[in-house]
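Every heavy atom of this structure was used, including side-chain atoms; hydrogens, water molecules and symmetry mates were not. Both ligands and their constituent atoms are indexed starting at 1 by order of listing.
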Amino acid sequence: MLNKEIYLDHAATTAVDKRVLNEMLPYFSENYGNASSVYGIARKSKQALDEARERVAKVLNSKPEEIYFTAGGSESDNLAIKGIMHANKRKGNHLITTKIEHPAVLNTCKKLEKEGYEVTYLNVDKDGLISIQELENAIRPTTVLISIMFANNEIGTIQDIEEIGKLARSKGVLFHTDAVQAIGNVRIDVEKMNIDALSLSAHKFYGPKGVGALYVRKGIIFHSVIDGGHQEKGKRAGTENVAGIVGLGKAIELIYDEFDSYNAHLIKLRDLYIKKVEEKIPYVKLNGHRTQRLPGNANFSFEFIEGESLLLMLDIKGIYASSGSACTSGSLDPSHVLLAIGLKHEIAHGSLRTTFGRDNTVQDVDYVVDNLVQIVDRLRQMSPLYEEVLKQNNK
Ligand SMILES: *Cc1c(COP(=O)(O)O)cnc(C)c1O
């Protein structure tokens, strides 16, 4: 009866592009040398690392020597925030972030608070945007770092990064951004945007899992968080994941080579989905900024239902989506992001994040919306609250 599978969770991870995989393969069993060694086969690994560094630098408009490879987005966030705060104790102990960051940033900040650092968590408005004025007011003489995500992984809202960078620079405060969701979906220029540090992760743009990068502007001091050998200029010990890094380099090059057509495709699907859901299903709310949002992201709250039930019933139909962030599923607490944009607990619980990708089609959108109409209706039939609302309306 059914063997359709529709993957709508590209913010959680993506499939490795075949062209990326092909470029990685020789670095497992043929060119397996340790890049730190000096003989021929090792030089091939070293060259591969250099090339990947150049590819990443080109996309960000940085210099290759400002790129440090890590084991993913979480590690890059830890390295940027802990690394910069620990190395700049003489300047101060204060850092500013937002209430809607990924746990890789939020829990890093919590850890720093336990060490005695002070953290300001900025509010966001109903669309998920911070206030530049509130940010400016939060800056103290002891503020070392501002860490604000480029684009939110749950609601897709894209911050005014250039404005934040300008303010940080004018106040002499360093600026880190978690750009894990933005890579491939937004054009980034660390010079023009005054970004001092930036985290990215390959598996969010059709590269392999477990490999990421951190850009840190030349001249900024930061400490390592993993100590050992002198790899990555002493900032990240451990024999390099050469195949993974090759994959990251190829994936970031490809996604920006194909930037216009890729993003036009995502925007078409996203907007069609949003339009159809709003037309066909009553009592829904689009979460996140309506226009200043990631091309592939749609996040809706469906009143009177539980997001978890929705996910299970969609799964039965072969539709894979998310109720918030993958990192918090498994817990019954509503998403900290949805609460921060002002949703009530019961509304936040009925939320569904769909993130479109390269292989999704217009037919997928139709199939998903048709199923969603039926499933939402069925779940609402079981809701006493919904029954009340219908009664009220019929009076
Ligand atoms: C996925 C994600 C991360 C974590 O990246 P990993 O490579 O999975 O560690 C960090 N920040 C954001 C915004 C993300 O979406």
Side-chain angles (χ1 to χ4, degrees), residues 7-16 20 56 67-83 97-111 121 124 128-130 147-159 161 164 176-186 188 195 197-215 225-226 236 238 241 244-245 247-249 251-252 255 266 287-289 293-299 321-330 335-338 340 353-357:
Y7 184 77
L8 297 180
D9 204 11
H10 293 82
T13 197
T14 56
V16 175
V20 170
V56 175
I67 304 299
Y68 302 84
F69 291 115
T70 68
S74 300
E75 191 189 312
S76 293
D77 286 339
N78 273 265
L79 179 56
I81 298 170
K82 289 175 181 160
T97 186
T98 78
K99 290 185 178 167
I100 61 164
E101 298 297 311
H102 187 276
V105 168
L106 281 181
N107 289 334
T108 296
C109 291
K110 298 240 173 74
K111 179 64 74 65
Y121 298 89
V124 293
L129 288 172
I130 65 139
S147 178
I148 294 180
M149 69 198 320
F150 210 118
N152 185 268
N153 48 305
E154 294 188 37
I155 57 174
T157 299
I158 300 171
Q159 301 294 334
I161 290 297
I164 298 170
H176 163 253
T177 185
D178 175 340
V180 172
Q181 291 290 335
I183 296 291
N185 298 125
V186 184
I188 295 176
I195 297 169
L198 177 147
S199 304
L200 60 90
S201 177
H203 76 101
K204 302 290 176 79
F205 49 89
Y206 307 93
K209 292 170 185 57
V211 57
L214 177 67
Y215 149 82
V225 294
I226 295 178
R236 204 289 180 176
N241 173 7
I245 291 168
L248 187 158
I252 203 166
I255 203 85
L266 296 185
N287 296 315
H289 198 285
R293 76 184 299 133
L294 287 171
N297 173 294
N299 184 317
S322 163
S323 60
S325 76
C327 318
T328 48
S329 60
S335 138
H336 67 285
V337 176
L338 296 178
R353 177 186 77 179
T354 46
T355 43
F356 297 94

**Q** Just jot down the ligand 1 atoms closer than 4.0 angstrom to any heavy atom of S74, in number order.
**A** 4 (C), 5 (O), 6 (P), 9 (O)
**Q** Check G207 against V16 and note the closest heavy-atom contact, atom names and distance.
**A** O-CG2, 3.5 Å
**Q** Determine the sole option in I183, D178, I195 for which the side-chain contact (heavy atoms from CB on, under 4.5 Å) test with F150 is passed.
**A** I195
**Q** With heavy atoms of G72 as the reference, note each atom of ligand 1 found under 4.0 Å away.
**A** 7 (O)
**Q** Do S147 and H176 pair up side chain to side chain, a donor and an acceptor below 3.5 Å, judged on atom types alone?
**A** yes
**Q** Heavy-atom distances under 4.0 Å are what count here, so tell me which part of E75 touches ligand 1: side chain, backbone, both or neither.
**A** neither
**Q** With nothing but distance in play, are any N or O atoms of K204 less than 3.5 Å from an N or O of ligand 1?
**A** yes
**Q** Write down the atom of I188, the atom of A182, and the distance for their closest heavy-atom approach.
**A** CD1-CB, 4.3 Å
**Q** From the options N78, T97, D77, select the one residue that forms a side-chain hydrogen bond (donor to acceptor under 3.5 Å, both in side chains) with T108.
**A** N78
**Q** Report, in ascending order of atom number, the atoms of ligand 1 lying under 4.0 Å from any heavy atom of G73.
**A** 5 (O), 6 (P), 7 (O), 9 (O)
**Q** Please list, in number order, the atoms of ligand 1 under 4.0 Å from a heavy atom of N153.
**A** 13 (C), 15 (O)
